[in-house]
Amino acid sequence: MFTPEDFIRTITREISKLGVNCAVAAVSGGVDSTTSAMVTKLALGDRLIPVLFDTGFLRLNETSEIISSLTGLLPIRLIDVKDEFYRAMINLTDAEEKRLTFRDVFYNTLSRVVKDNGCDWVVQGTIAPDWIETTGGIKTQHNVLAQLGIETDKVYGFKLLEPLKDLYKDQVRVLARYLKIPSAITERQPFPGPGLSIRAVGRLTMEKLEVTRWSTRIVEEELSGLGLSQWFAAAWEDDRVIDEELSSMVKEMDNNLAVDVFGIKGTGVKGDSREYGRVVLVRGRLSNWSNAFNLYNRLTYGTNVTHVIYELARRRPSGGYFVAIRAVVTDDYMTANVPMLNESLLRSVAERLMENELINAVGIDVTPKPPATIEFE
Amino acid sequence: MLQLSVKFKILIDVISVKMNVIGVVNFGGQYNHLIKRRLEDLGFQAKLINPNEPLHSLSREFNCLIISGGSWNIPIDIPKLGNAPKYVLEFPGPILGICLGHQLIAYEFGGMLGNKTPEFGGVRVRIDDEDTILRGVGAEFTAWESHNVSVDKEPDGFMVLAHSDLVRVQAMANPRIGRYSVQFHPEVKHTEFGGVILRNFAELCS
């Protein structure tokens, strides 16, 4: 059974035996990477150099918030690599292409930092769900290399240390609290490495990225303190076509409902396999609010639908951006439930999002994991 | 004397490890590693096993096995399952099948499978017989599912323990030959009574 005392005793002994000259720790300010850097620092002391990349896909004011919460804990160096990431990723459309390109730029940049500092190791916060999802072919997490058979010393010129690779998020949080890492970090909601680039769903443009960044701030503010595990916004073009077959699948539940299919695709996991399938919008009045949370089992069983969104607000029939609110409850992020949030609360969040002229409509994703994944890409 | 007692203690440790470790056959499914974690949280020991391990070495090392999920479809992908079909038929101790493991047990003992009733996410499971692995779970509960294939008819000699609206065989058992199985995932946090079910099985192993 996992206890922080045993874990730290074992892992620091193992790290001390590796003969590390110096190691660069890739820190994002999240609980996994911060805790892995802290654990490694216990063994390596000053031979650990923690760095934070500003990829351009972080949330509003995120880098300054991270640096201030890590003050006195980790002397972190901020490296601005926005231009490299934008150059490589703007205009990419496919979810896996975005993730693989992000991984490429990330490790090439890291490799340069390792070389510049005369180091030989990289420390990263990979945890069990990262390599399980990547090796299972569900989606490529950017921080999984060794488990895919990629030899980092040959490809990138550094050895890889992943002290938390067999832990789950809830265990990492126990460890982080034990290490007295501030609660702003230990209780922080997960944020993927490729960040907003995979929440600006479909073709990545600067405008869509900024709409996503703005919407994320609002959703995070409005839905905080509700006991959610992860809550955010995603945005894509509000281009849809009605689907009669899918509409007929929900009409027996509520005669007013219609189902549209968006032009973008979303990632799901069905029967342990990846599905990069349709994202659908259910429109119309519900006789009972709880019905919204049962739409997924009508629309995702036996179809290639991965995300079901229920519409909350709309300006014009089409044009502009659609923003999806995502809010889930989970401990270990292997499965996730969509809690029945209050309807008037969600409608008021939608109204606030609609203050942005670029946003044409807003909905709530009502799909658990499985069959969806928590993120859209 | 001191040396003798140390030796004796080591011998006891070796025996107790053998007695308590549960082998978890790893098909690379999403929750295989999580089963090991849950069993450890419950105070049992578990080890992930490659399905190409020969049966005789598993029989020596473990008292019981869990055969879990993966992205394969039964029966067409059976050639990809290594020795797992052989474990199902010949492993001497109890086996718990989960998801794909449930379908494999049903198929190997002559049950019928179908692919018309997939289920994903939360599903209500209703108990038909609160026996063996389902002892202490009440009349119904929410379980987490992720399957395209399902068991339409249980093999002869198996009793159906639970069903859902769409799937008639959510759980089944044949205690006489030590085979137990569930379509849903007791190892994931969102399945109510998942820990009770894993414990019920793990206690059959000692």
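Each chain gets a letter, A, B and so on, in the order the sequences are listed, and its residues count up from 1.
A salt bridge links A:D331 to B:K189: at least one charged side-chain nitrogen sits closer than 4.0 Å to a carboxylate oxygen. Electrostatic pairing of B:R37 and A:D170 counts as a salt bridge here, judged by a charged N lying under 4.0 Å from a carboxylate O.
In this structure, chain B has a heavy atom under 4.5 Å from the side chain of A:D332, while its backbone stays farther away. Contact annotation for A:L167: neither backbone nor side-chain heavy atoms come within less than 4.5 Å of a heavy atom of chain B. For A:V269, the parts sitting under 4.5 Å from any heavy atom of chain B are the backbone and the side chain alike. Looking at A:T135, there are no atoms closer than 4.5 Å to chain B (heavy atoms on both sides), in backbone or side chain. Of the atoms belonging to B:V149, not a single heavy atom falls under 4.5 Å from chain A. Only the side chain of A:Y296 comes within contact range of chain B, with at least one heavy atom under 4.5 Å from a heavy atom of that chain. For chain B, no part of A:T367 is nearby; none of its heavy atoms comes within less than 4.5 Å. Looking at B:L166, only its side chain comes within 4.5 Å of chain A, counting heavy atoms on both sides. Only the backbone of B:E145 comes within contact range of chain A, with heavy atoms under 4.5 Å apart.
The backbone N or O of A:K369 lies less than 3.5 Å from a partner atom in the side chain of B:W144, making a donor-acceptor pair. The backbone N or O of B:T117 sits nowhere less than 3.5 Å from a side-chain atom of A:Y301 that would complete a donor-acceptor pair. Looking at B:H147, its side chain never comes within 3.5 Å of a backbone N or O of A:K270 through a donor-acceptor pair. Remark: side-chain polar atoms of A:D272 are not paired, donor with acceptor, to backbone N or O of B:G29 under 3.5 angstrom.
Between A:M334 and B:Y31, some side-chain heavy-atom pair lies under the 4.5 Å cut-off.
Relative ring orientation between A:Y168 and B:H33 is described as tilted, the plane-to-plane angle lying within the 30° to 60° band.
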